[in-house]
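Both ligands and their constituent atoms are indexed starting at 1 by order of listing. In this chain, residues are counted from 1 in sequence order.
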Amino acid sequence: MRLSQLFTKTLKEAPADELAINAQLLIRGGFVFKNSAGVYSYLPLGLRVIQKINNIVREEMNAIGGQELLMPTLVEKKYMEPTGRWNLDVGFFAKGINDQEASFVMGWSHEEVLTVIASKFVSSYKDLPFAAYQIQNKFRNEARAKSGLLRGREFMMKDMYSFHSSDADLAAFYERSKEAYTNVFERCGLRSYCTLAGGGVFTENFTHEFQVLSEVGEDTIFLCTGCGYAENIEISKLKDGDTCPKCNGKVVEKKAIEVGNIFKYGPKYSEKLGLYYKDENGADHPVISGAYGIGIGRLMATVVETSNDKDGIIWPENIAPYKIHLIMLPGGEEASQKLYRELSEKGIEVLFDDRDDKTAGEKFADADLIGCPLRVVVSKKTVEKNSVETKERNKKETDLVPMDKLVSGML
Ligand code: ATP
Ligand code: MG
């Protein structure tokens with residue numbers, strides 16, 4: 001992509017009402033646009049990051065047998081009324097043209113919709129287990145939409161639901177989902193802690209949150225510095241300095257961001273919405289379920305919160321919008337154009353600053369703000385040595401690398 005063509009521009013300043021670092025940097029870098037409080041557009045650079053995150057999520061969900069689908073945003077009253085979740089404050093409601101009252105809620109969670117869909121396809125124990133997921137925008141009337149993309153009113157989520165004939169089968173899948181979740185966050189450059197939390201609606205009454213340590217997090221957790229065991233303060237009997245109940249390590253109190261959340265809801269919605277299966281003897285039972293969420297936008301924002309410096313974002317390689325930020329400086333015009341073509345032909349993702357109305361200083365500042373892993377500069381000085389100057393975003397020192405070596409080294 002040529003920066004001279006990109007319709008968005010970097011900004012010197014973030015909007016005055018945007019206090020969160022994630023939103024400031026993402027807006028200044030041209031990744032997102034704030035449309036309303038808690039409502040953002042993903043601009044071309046931001047959408048590239050989102051798509052990379054989504055592909056990692058897809059790979060990990062597919063690896064544990066998840067099947068991708070896409071459910072509607074408009075969720076009709078008939079789905080939510082039987083479970084008592086129609087009239088909740090969380091909803092944004094919508095009215096059809098002939099309706100006196102709202103007949104739809106903008107989907108904020110899809111247990112009901114998928115349970116009803118499943119009830120049309122599941123009849124026997126042989127139809128179980130299965131898991132299905134979607135990546136979709138959710139709508140929630142959040143009272144405090146003030147942490148940038150960490151808490152939106154419209155936000156992208158991956159939500160998966162699993163369906164089983166026994167508690168044991170659900171429990172086994174639940175454990176596999178924990179590994180898949182840990183992989184997702186690790187591949188996005190984040191260390192997450194699977195944290196015991198409350199709010200469960202089934203047997204054990206517990207849920208698990210995936211927490212990433214950050215001072216701006218809304219959650220407080222007790223974390224074992226030895227084994228990584230963690231509990232949310234909301235349910236924990238631990239306190240700072242305690243001994244870990246699992247390994248005798250030391251427990252510390254930390255602020256954290258919840259990037260994902262899994263819980264078992266058992267037969268709760270199956271019973272209310274008629275999702276039953278017949279066992280080997282022909283007896284009917286409600287299907288047993290679990291739900292598995294990841295906040296995609298919150299994940300992107302968490303990376304920005306935890307990986308930045310005073311100059312901008314430092315994207316981890318796997319989710320960076322481009323691998324290389326190529327800068328053309330005076331005397332390097334021809335060589336940089338050629339290098340851009342060569343790298344692009346080889347399938348290497350390059351953001352090419354080919355603008356002729358910007359100073360070197362402005363170009364360097366934009367490269368730091370946008371945060372691609374490798375900055376490559378082509379100037380009169382480097383051309384004379386048939387080389388380019390490289391600098392990794394998270395390092396200070398620069399290197400002089402022969403032009404052909406750069407291309408072969410990127411493959
Ligand atoms: P929270 O406790 O942060 O309000 P939640 O428990 O309501 O989240 P879930 O309904 O389980 O969250 O949603 C799954 C995931 O979606 C969460 O773990 C979080 O990463 C993300 N998420 C939830 N609400 C928001 C929001 N308002 N904005 C952005 N991401 C969100
Ligand atoms: Mg939560």
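Residue-to-ligand polar distances place V259 within reach of ligand 1: an N/O pair is separated by less than 3.5 Å.
In summary, K52 and E349 engage in a salt bridge, as defined by a charged side-chain N under 4.0 Å from a carboxylate O.
Remark: ligand 1 atoms within the under-4.0 Å shell around heavy atoms of E142 are 24 (N), 26 (C), 27 (N). Applying the 4.0 Å criterion to heavy atoms of G152 picks out, from ligand 1, the atoms 26 (C), 27 (N), 28 (N), 29 (C).
The shell of residues lying under 4.0 angstrom from ligand 1, judged by heavy atoms, includes L150. Within the 4.0 Å heavy-atom cutoff, S109 does not count among the residues contacting ligand 1.
At a 4.0 Å heavy-atom cut-off, ligand 1 touches M157 through the side chain alone.
Residues E112 and T83 have side chains that bring a donor and an acceptor to within less than 3.5 angstrom of each other. Using modelled atom types and a 3.5 Å distance limit, the side chains of S162 and Y292 yield a donor-acceptor pair. Using a 3.5 Å distance cut-off with no hydrogens or angles, the side chains of Y133 and N62 do pair a donor with an acceptor.
Distances from atom 1 (P) of ligand 1 to the heavy atoms of E218, R151, K138 put R151 nearest. If you check each of G295, G217, G293 against atom 21 (C) of ligand 1, the one with the closest non-hydrogen atom is G295.
L213 contributes atom CG, which lies 5.0 Å from atom OH of Y193 (distance to the nearest 0.5 angstrom). To the nearest 0.5 Å, atom CG of residue N183 and atom SG of residue C188 are 10.5 Å apart.
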